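Just so it is clear, the model here is predicted, and its values are computed rather than measured. Chain letters run A, B, ... following the sequence lines, proteins first and then strands; every chain starts at 1.
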Amino acid sequence: MKRADIEAFFATLAAANPHPQTELEYASVFELLTAVLLSAQATDVSVNKATRSLFVLANTPQKMLDLGLEGLEAQIKTIGLYHSKARHLLQTCQILVAQHGGQVPRTREALQALPGVGRKTANVVLNVAFGEPTMAVDTHIFRLGNRTGLAPGKTPLEVEQQLLKRVPAAYLVHAHHWLILHGRYICQARAPHCWQCAVASHCDFKPKTTSKSS
DNA sequence: ATCCCGAGGG
DNA sequence: CCCTCTGGAT
């Protein structure tokens, strides 16, 4: 895509959704970190369903530790991948208590040192909680980047670096959410809504079916 | 059968 | 590089 097309794309996304935000529900940075950690290969809807009751029982690292492994697993079982997520979350809580005074650290290095927290989760926390212009590349942004040619990288890291270069600076802080929402509701994996996509005319991707025709 | 705001381990 | 982890929705 040409620079002017990219500019126009983000202008459209910004106009349609001036204040984009995550669809994960959270009331603190710790809850945000927890929700994002739990969201791997799961839908936001299923994560929210579980965390609404989980956060009543445990909304701090210490309370999460008090809940215990089996108690936590029971709360997040419906999300999927629950054995490793429960184990990682408790290990993370131990580190938060022991090394960070019960707070969520603000640097990429400290975040990615937490079990269950990789580059993508760290990017989300840095962006959503601390306002940094990071680009968390999840399945939606990866797919959208490749389909449209906006960021045709072969790995999430490559796509992230391409987006950080190509997204106009003025749109960088919110670009993560605009792209994720576009990927989730328009450039979706199955039957994308190309007829309501702002960059369809600049996009080479031709789906076999769209939800309009089928 | 495929997909969902991935990360860790081999 | 590959594989595994997992329930729920479509």
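- In this structure, A:H176 reaches the bases: a heavy-atom distance under 4.0 Å links it to at least one base atom across the strands shown.
- Note: NZ (A:K77) to P (C:dT6) measures 10 Å, nearest angstrom.
- Residue contacts shown for A:A136 are absent, as no nucleic acid heavy atom lies under 4.0 Å away.
- For A:R190, no side-chain nitrogen or oxygen approaches OP1 or OP2 of B:dA1 to under 4.0 Å.
- Considering A:N17, A:L13, A:T22, A:I186 as possible partners of A:L181, the one that fulfils the side-chain contact (heavy atoms from CB on, under 4.5 Å) test is A:N17.
- Residue A:V124 is in base contact, counting any heavy-atom pair closer than 4.0 Å across all strands shown.
- Counting to the nearest Å, the C1' atom of B:dC5 and the NZ atom of A:K120 are 3 Å from each other.
- Aromatic rings of A:W195 and A:H193 (six-membered ring for Trp) have centroids within the 6.0 Å cut-off, being under it.
- Using cut-offs of 30° and 60° for the angle between ring planes, the A:Y171 and A:F10 rings count as parallel.
- Heavy atoms of A:T22 sit under 4.0 angstrom from at least one base atom.
- Taking atom OH of A:Y185 as the reference point, atom P of B:dC4 lies 12 Å away to the nearest angstrom.
- For the P atom pair drawn from C:dG8 and B:dA7, the interatomic distance equals 22 Å after rounding to whole Å.
- The shortest distance between the side-chain N/O atoms of A:T139 and the OP1/OP2 oxygens of B:dC4 is below 4.0 Å.
- Atoms NZ (A:K154) and C1' (C:dC2) sit 19 Å apart, rounded to a whole Å.
- Nucleic acid contact for A:V47: none, since no nucleic acid atom lies under 4.0 Å from a heavy atom of the residue.
- One finds a salt bridge joining A:R119 and A:E160 here, because a Lys/Arg side-chain nitrogen approaches an Asp/Glu carboxylate oxygen to under 4.0 Å.
- The CZ atom of A:R108 sits 11 Å away from the P atom of B:dA7 (whole-angstrom rounding).
- Nucleotides of DNA chain B nearest to A:R87 and A:R143 differ in position, and the one nearer the 5' end is that of A:R143.
- When the shell of 6.0 Å around CZ of A:R106 is examined, it contains 12 or fewer heavy atoms from other residues, nucleotides or ligands.
- Within a 6.0 Å sphere centred on CD of A:Q196, other residues, nucleotides and ligands contribute more than 12 heavy atoms.
- The interatomic distance linking A:L38 (CG) with C:dT6 (C1') rounds to 13 Å, in whole Å.
- Phosphate contact (OP1/OP2 of B:dA7, side-chain N/O of A:S84, threshold under 4.0 Å): absent.
- In this structure, the CE atom of A:M135 is 17 Å from the P atom of B:dC5, given to the nearest Å.
- Comparing A:P115 and A:H177 by the nucleotide of DNA chain B whose heavy atom lies nearest to each, the residue mapping closer to the 5' end is A:H177.
- At a cut-off of 3.5 angstrom, counting only N and O atoms as typed in the model, there is no donor on one side facing an acceptor on the other between the side-chain of A:S39 and the base of B:dC4.
- Taking atom CG of residue A:L81 and atom P of nucleotide C:dT4, one finds them 14 Å apart after rounding to whole Å.
- The side chain of A:H83 contributes no N or O atom lying less than 4.0 Å from OP1 or OP2 of C:dC5.
- Backbone-only contact: A:T78 has heavy atoms under 4.0 Å from sugar-phosphate atoms and none from a base.
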